[in-house]
There are 2 protein chains.
Amino acid sequence: MKNKQVTIKDLARKLRLSVSTVSRALRNLPDINEETRRKVLELAAGLNYEPNYIAQSLINKQTRTIGVIVPIIATHFFSHALSGMNEVANEHGYHLMFCQSNESAEQEAEGIRQLASCRIDGLLISVSKQTQDAAPFEKLQQKGIPFMFFDRDLRHVTASRVIVDQYKGAFKAVEHMIQQGCQNIVHMAGPKGLSVADERLRGYKDAVEKHGLPFSPKHIVHCGKFQLDAPEAIKKLMKLQPDGIFCINDPSGVIAIQHLKTTGYCVPGDVKVVGFNGDPVAEVVEPALSTVVQPGYKVGREALKMLIRHIEEKSLETEELVLEGKLVIRKSSKMC
Amino acid sequence: MKNKQVTIKDLARKLRLSVSTVSRALRNLPDINEETRRKVLELAAGLNYEPNYIAQSLINKQTRTIGVIVPIIATHFFSHALSGMNEVANEHGYHLMFCQSNESAEQEAEGIRQLASCRIDGLLISVSKQTQDAAPFEKLQQKGIPFMFFDRDLRHVTASRVIVDQYKGAFKAVEHMIQQGCQNIVHMAGPKGLSVADERLRGYKDAVEKHGLPFSPKHIVHCGKFQLDAPEAIKKLMKLQPDGIFCINDPSGVIAIQHLKTTGYCVPGDVKVVGFNGDPVAEVVEPALSTVVQPGYKVGREALKMLIRHIEEKSLETEELVLEGKLVIRKSSKMC
DNA sequence: CTGTTAGCGCGTTCAA
DNA sequence: TTGAACGCGCTAACAG
């Protein structure tokens, strides 16, 4: 039943040639008679010959496979990033091997180990919320496996990265709220230590301070798992009687809006809300949620392009590409 | 700079043993002195030895890698399915290689070709909206590469599959609408020929007929790209003055609700709406959209589990697992 | 218990 | 222009 793959050896036998001649013909190397090449190519096509990439990899020491680790696939941003990577991979003849860390540093380290032992040519990673330890990345460096961060990175690790300017996005968003009349803006923040969350917080704080709005540590509440923590976070934040809530992402923005509505507040009349990401739910909630749209697809594309370039040029320099999110203003933050 | 990986040969040299002895020690085979095994294992750990899976694959003829092809990753259902597969893959020591067809039969065929030439051990696929041709799958069969469908399948291709009972889900949904008082239900359908869309349509039609509700070909409008076609489809359907719209999925259900509201209808008062899938937007839209939640994560898990079983048992029988969606009733379809 | 030999499918010398 | 021989890292068969 098992249909053995035809090998270069089979071709050689049928043509009474040596394997090395066949190999040369197949790879379009010079130093070969046009006539023999034609014959080889013809038979190869006829017999449906396909090179064994495994065998080639064993020699080349390259697999044309890139590993990708994301915290959670089922996310608007990361699924779009993967989609972008998929396209670039196709364009350049690479394959993608993926792994999900489930926001766990442990699973992430295990994923890195697994993928690295597969002899991938490079690794693209967006770290989990927990990740602090640089050790797994140092091991990659020792092994000589090129890797890069995309979106969520570890600041203190020397590596290339493609990120989105979270600081600027947050700053723009908060400044917009101020322009719309907010005088007291609070921030439902993400987990401490996560690069993107820290940057958004920094952007929020700078915008608030630049415009002389009130600020205190109480203006910020951190959420680990926002689906769980958000409701309580909002209650805490509302004690400050804010007229604006800047949320770490869109799902939490949606929760905020829903909570405000059920507790008798008017959005945007009493309180304006802005989220972050560009999730589909932001467009659907009522009032529609203003947000900073992250270019997930583009992040994926650019990250893989950069990594492939580094791999193929054997470049050791680190590079950093910073993209920008786009503030999309909807009803939830408009003056009325 | 390049840190050469330590090989079994290096271990052998340092221990003055033969490579085969080392190999046996490493693999915990019998016929080996406990003392030597200990030494080998110790040195291997000390030198950070890692087996070269490429070389092993060349011999075993197995890569412990599964290919996955999905129409669109950035989708609630498929991203959750991938997530489920990722978990099972980890549990069983497999890797996942993925590829997106972008709903194009051509890209899908190319993806199959690409993955197959990578010497994957098996393939999991959910077909594109366009796919009709069975040829790519026959080639897989010839090559002896086990493959399976999940969710969207090609009915006339003999292969195992893990699917969700779309017929039953649609039937339940429409029957629920009838119970809530609908007398004239129309259907915003998916593309013709797509297995899941056809089944949902069948379920809709049977439920309507069972209860003696009016039905005509005009009660159904097909959408290819629902984001584009939905608005027009709704206009057409509304000419029949329905009091219920059963939508092919949640995004189109959301569009329906929004359209109805802006044209002066009350949902669910005048018209009840039910979607399909369980996308997050369904919970957020107002009124919240009733839907049939598809167990995407479980489909992914079960599909990969089944495929791995088939691979490891070299089973040739085809198997079919049918899961069920769950009707979740929200405001958009409640009697009032 | 251990080592020798052969080979997986292919690429890379080097002679011929 | 072609072919023989060797090696990639590892496993498998057999002999010792």
Side-chain angles (χ1 to χ4, degrees), chain A residues 2-41 43-44 47-65 116-121 143-145, chain B residues 2-41 43-44 47-65 116-121 143-145:
Chain A
K2 269 205 179 168
N3 220 313
K4 286 159 202 155
Q5 286 287 325
V6 341
T7 76
I8 183 173
K9 206 190 255 174
D10 298 323
L11 300 180
R13 198 173 333 107
K14 299 216 176 173
L15 289 166
R16 299 172 185 284
L17 284 171
S18 75
V19 287
S20 47
T21 306
V22 174
S23 170
R24 269 192 302 258
L26 257 19
R27 284 177 299 155
N28 279 323
L29 292 186
D31 288 341
I32 187 162
N33 187 315
E34 264 317 314
E35 179 59 14
T36 27
R37 159 172 300 145
R38 209 187 44 71
K39 277 188 186 169
V40 172
L41 259 30
L43 184 68
L47 260 49
N48 246 313
Y49 166 79
E50 288 203 348
N52 185 327
Y53 291 113
I54 304 279
Q56 286 181 185
S57 294
L58 191 56
I59 299 174
N60 308 334
K61 273 116 178 54
Q62 57 148 338
T63 54
R64 295 196 80 78
T65 297
S117 74
C118 268
R119 303 300 197 268
I120 50 172
D121 291 351
K143 284 197 182 184
I145 298 179
Chain B
K2 270 204 180 168
N3 221 315
K4 286 157 202 155
Q5 286 287 325
V6 342
T7 76
I8 179 177
K9 205 190 255 174
D10 298 324
L11 301 181
R13 198 172 335 107
K14 298 214 175 172
L15 290 166
R16 297 172 187 286
L17 285 171
S18 76
V19 287
S20 48
T21 306
V22 175
S23 171
R24 268 191 303 257
L26 256 18
R27 284 178 297 156
N28 279 324
L29 292 188
D31 288 342
I32 187 160
N33 186 315
E34 264 316 316
E35 179 60 14
T36 24
R37 161 173 298 145
R38 208 187 44 72
K39 277 187 186 168
V40 171
L41 260 29
L43 185 66
L47 261 48
N48 245 310
Y49 166 81
E50 288 204 348
N52 185 327
Y53 291 114
I54 304 280
Q56 285 181 188
S57 294
L58 191 57
I59 299 175
N60 309 336
K61 272 116 176 56
Q62 57 147 339
T63 54
R64 295 195 84 77
T65 298
S117 74
C118 268
R119 303 295 195 274
I120 50 172
D121 290 350
K143 284 197 182 184
I145 299 180

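All values below were derived from every heavy atom in this structure, side-chain atoms included, with hydrogens, water molecules and symmetry-related copies excluded.
Shown are B:Leu43, B:Val40, B:Leu11, B:Leu41; of these, the side chain to side chain contact (heavy atoms under 4.5 Å, CB included) with B:Tyr49 is made only by B:Leu11.
In this structure, A:Ile59 atom CD1 and D:dC6 atom C1' are separated by 11 Å, rounded to whole Å. We find that CG of A:Leu11 is positioned 14 Å from P of D:dG3, with the value rounded to whole Å. Spacing between atom NZ of B:Lys61 and atom P of C:dG7 amounts to 14 Å, rounded to whole angstrom units. Following rounding to the nearest Å, B:Leu26 (CG) and D:dA12 (P) show an atom-to-atom distance of 13 Å. Across the protein-nucleic acid pair, A:Leu29 atom CG and D:dT2 atom C1' stand 13 Å apart, rounded to whole Å. Rounded to an integer number of Å, the gap from A:Leu58 CG to C:dG7 P is 17 Å. C:dA15 atom P lies 16 Å from atom CG of A:Asp31, rounded to whole Å. Atom OH in A:Tyr53 sits roughly 10 Å away from atom P in C:dG11 (whole-Å rounding).
Within the structure, a side-chain polar atom (N or O) of A:Arg27 is placed less than 4.0 Å from OP1 or OP2 of C:dG11. Side-chain nitrogen and oxygen atoms of A:Thr36 include at least one within less than 4.0 Å of the OP1 or OP2 phosphate oxygen of D:dT2. One finds no side-chain N or O of B:Lys9 lying less than 4.0 angstrom from the OP1 or OP2 phosphate oxygen of D:dG7. For D:dG9, the OP1/OP2 oxygens have no side-chain nitrogen or oxygen of A:Arg119 closer than 4.0 Å. For the OP1/OP2 pair of C:dG9 and a distance below 4.0 Å, the side-chain nitrogens and oxygens of A:Gln5 include no atom meeting the criterion. The shortest distance between the side-chain N/O atoms of B:Thr21 and the OP1/OP2 oxygens of C:dG3 is below 4.0 Å. Taking only side-chain nitrogens and oxygens, B:Ser23 comes nearer than 4.0 Å to OP1 or OP2 of D:dT11. For the OP1/OP2 pair of D:dT11 and a distance below 4.0 Å, the side-chain nitrogens and oxygens of B:Gln56 include at least one atom meeting the criterion. For C:dG9, the OP1/OP2 oxygens have no side-chain nitrogen or oxygen of A:Tyr49 closer than 4.0 Å. For the OP1/OP2 pair of C:dG3 and a distance below 4.0 Å, the side-chain nitrogens and oxygens of B:Ser18 include at least one atom meeting the criterion.
Comparing atom distances between the A:Leu17 side chain and each of C:dC10, C:dG9, D:dG3 picks out D:dG3 as nearest. Looking at the side chain of A:Arg24, the nearest of the listed nucleotides C:dC8, D:dT2, D:dG7 is D:dT2. Minimum atom distance to the side chain of A:Asn33 is reached by D:dT2, of the listed D:dT2, C:dT2, D:dC8.
The side-chain heavy atoms of B:Ser57 and B:Arg119, taken from C-beta on, include no pair separated by under 4.5 Å. The side-chain heavy atoms of A:Thr21 and A:Ile32, taken from C-beta on, include a pair separated by under 4.5 Å. With contacts defined as side-chain heavy-atom distances shorter than 4.5 Å, the pair A:Asn52/B:Leu58 qualifies. Residues A:Leu47 and A:Lys14 meet the side-chain proximity criterion, which asks for heavy atoms closer than 4.5 Å. For the pair B:Arg37 and B:Arg24, the minimum side-chain heavy-atom distance is 4.5 Å or more.
A donor-acceptor contact under 3.5 angstrom links the side-chain atoms of A:Ser20 to the base of D:dA4.
The residue B:Arg37 sits apart from the nucleic acid: no heavy atom pair falls under 4.0 Å.
Mapping B:Ile32 and A:Thr7 onto DNA chain C by nearest heavy atom places B:Ile32 closer to the 5' end of the strand.
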